[in-house]
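Each chain gets a letter, A, B and so on, in the order its sequence line appears, and its residues count up from 1. Note that the coordinates shown come from a computational prediction; the quantities given were computed from them, not determined experimentally.
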Amino acid sequence: MQFSKLFIPTLKESPADAEVISHKLMVRAGMIRQLASGIYSILPLGLRVLRKVEQIIREEMNQIDGQEVFLPSIQPAELWIESKRWDFYGKELLRIKDRHGREFCYGPTHEEVITDIVRKEVRSYRQLPILLYQIQTKFRDEVRPRFGIMRGREFMMKDAYSFHADEKDTQHTYSQMAEAYGNIFKRCGLDFKQVQADSGTIGGSFSHEFAVLADSGEDEIGFCDSCGYASNLELAGSKPPSPSTPPATLQELKEVETPGKKSVEDIAGFLNLPARQIVKTILLENENGLVAGLVRGDHEINTIKMRNLIGCEWLQAAGEEAIAKHPGLHCGYVGPVGLDLPVYADNEISALHDFVTGANKPSAHLTGVQVKRDLKIKQFGDLRTVKANDPCPHCEGGRYQVKRGIEVGHIFILGTKYSSAMKAVYLDQQGKENAMVMGCYGIGVGRTAAAAIEQNHDDRGIVWPRNLAPFQVIVIPVNYSDEESKAACDTIYDRLRELGIETLLDDRSDRLGPKLKDADLIGIPLQIIVGPKNLAVGQVEIKIRKTNESDLRPYPRVIEDIPNILKDL
RNA sequence: CGGGACGUAGCGCAGCCUGGUUAGCGUACCUGACUGGGGGUCAGGGGGUCGGAGGUUCAAAUCCUCUCGUCCCGACCA
């Protein structure tokens, strides 16, 4: 393409409303423009990059026998009512009505639609498994969209769904999918980790997330520096405590006055004890009412782990209202002794002796508390969020590291959640009817491109990984009105295109400076700079965007070397 | 949903507190000339319902009320 004919509105300055680097650079490089909060237009240069990501995804999906489909973005409410998600999905689901007043939603995901298709067409185990995918625009009415295309409301997503006769076959596809995802993100030039994850509102039993490591990421990833275990921090397992030997004599339960000492820090300071000798009692609320969670004072409770332990639908910090309704709860002085609520305790609590808790009366705490003697624990479990340097639960001596990550892909084994609700069944060899077992697998296309920028940029702009670059080569004449320069540029440009290399020719009448700035900004991996002085001695300059290294090569011989130079980038 | 900030030319901003010529700066844009190896120089030029509505006032970008939009922090969330 000739630069003068391409719509690439680059900007010198960053837009005022952009915060993260990928957002700033995508706007500056003329890839995207905002239309409304979380809604973006994709401009030619941006689309070229998204298409690259899509193509890589298609190739890897087809490789594992995925078949591409294209499903409607507007979906009737009935399907969502059937899966129970019309209510459950909440405000994030954009609901719309047609002229007859019939209810629809703009699809945030497509489990319902795909399950509806498959249940209508598939009858026999002989037709299974089946793996379908699409690349399509989704809409989720996020509370707070942010970071440009990284967390938009409308966004491009690859979603795949698989249907199986049994769990084992599902797992087979799941691991193939995990491998395909690995290939995709590798080909996109990303530094990522496959981590264990919670399955959230999608439901299901088993799930991994593909996280691109970057400081701007919204997820926290815990991974072991020794055995390679990696998990979203919301799920990362902690090592159970080694059994502790109790002191020879256990303290008696004793009430102490602690007026105004509500936080762990206050009490630790007041009683001159380490925070680990204090037990926090956290009040939470689920569909069945209030529950209490116990963690050590130096730990943080993890509501996702606790929700999974209890096996409830949802779990969140108890509201003031719910607390007020329950007599005997005093904020800052709540404790498990004699507490008339289901109490769940973190494993670490079992190793404690002589600890401190709230006394369930204003301005008082209890010391000398013992688990066995004083507490009624409904269930012990892993309830705390791990921290950097905590021991790894899966190996000896390994320690957790914690880094931030961008979730670019997520794979789930759904089980029969949707197939049961929507009666997607097949007949097995015995002629018996069974619910199909499902998996679902998503990749944020735009988010992947944005993540690539987060990991590949410098102070001059984007440094595209070769496979995502909108063009591989940009030919930059110092002065395109110089006839010999023009002739050389045109020759290089034509020949590279014959070689199948996507090439951009900067035929604009600007001086060299702005052209170089733009080339750096939009991140084309290889720049060929053609000027009269070098050309007079039969040379052109080859410059690598990433390293900023340049050297002079003989013209026109260099043209035939370009494919090899590109291979090494 | 709670807290905070902002809205003035395509983009980035000043002016507002303390109301008063024709609303300004940088950049981008148009014309011409020069220039030609990292956003060049000179000259001339076009572009604004000061987010919107209402109010106060002789007079509102500026003060007041409402409203819409956008961003940030938190909660929430693939």
Exercise. Of A:I304 and A:T10, whose closest RNA chain B nucleotide lies nearer the 5' terminus?
Worked result: A:T10
Solution key, residues 18-26 of chain A side-chain donor-acceptor pairs under 3.5 Å, sequence neighbours excluded:
from, atom 1, to, atom 2, distance (Å)
A:S22, OG, A:E454, OE2, 2.7
A:H23, ND1, A:G148, N, 3.4
A:H23, NE2, A:Y40, OH, 3.4

For this session: Can you sort out the partners of A:Y161 under ring pair (Phe, Tyr, Trp, His ring centres under 6.0 Å), two or more places apart, ordered by chain and number?
Result: none
Exercise. Which residues, if any, of residues 481-492 of chain A bring a heavy atom under 4.0 Å of RNA chain B?
Worked result: none
Exercise. Which atoms form the tightest heavy-atom contact between A:I39 and A:R153, and what is the distance?
Worked result: CD1-NH2, 3.9 Å
For this session: Look at all strands and tell whether A:S509 reaches a base, only sugar-phosphate, or nothing, counting heavy atoms closer than 4.0 Å.
Result: base
For this session: Pick the C1' atom in B:U22 and in B:A59, then give their distance to the nearest Å.
Result: 16 Å
Exercise. On a whole-Å scale, what distance lies between the C1' atoms belonging to B:C6 and B:C16?
Worked result: 14 Å
Problem set entry | Distance between P atoms of B:G74 and B:G24 (Å, rounded) | 41 Å
Problem set entry | Residues in ring pair (Phe, Tyr, Trp, His ring centres under 6.0 Å) contact with A:Y344, at least two apart in sequence or another chain | none
Problem set entry | B:A14 and B:U27, which share atom name C1', separated by this distance in whole Å | 14 Å
Seminar exercise, completed: The residue, A:M157 or A:V530, whose nearest nucleotide of RNA chain B is more 5′ is A:V530
Restricting to nitrogen or oxygen on both sides, can you table the protein-nucleotides 69-73 of chain B pairs closer than 3.5 Å?
from, atom 1, to, atom 2, distance (Å)
B:U70, OP1, A:S37, N, 2.8
B:C71, OP1, A:Q34, NE2, 2.8
B:C71, OP2, A:S37, OG, 2.8
B:C72, OP2, A:R144, NH1, 3.2
B:C73, OP2, A:R144, NH1, 3.4
B:C73, OP2, A:R144, NH2, 2.6
B:C73, N4, A:R144, NE, 3.4

Atom pairs, N/O to N/O, protein against nucleotides 27-29 of chain B, distance under 3.5 Å?
from, atom 1, to, atom 2, distance (Å)
B:U27, O3', A:K12, NZ, 3.4

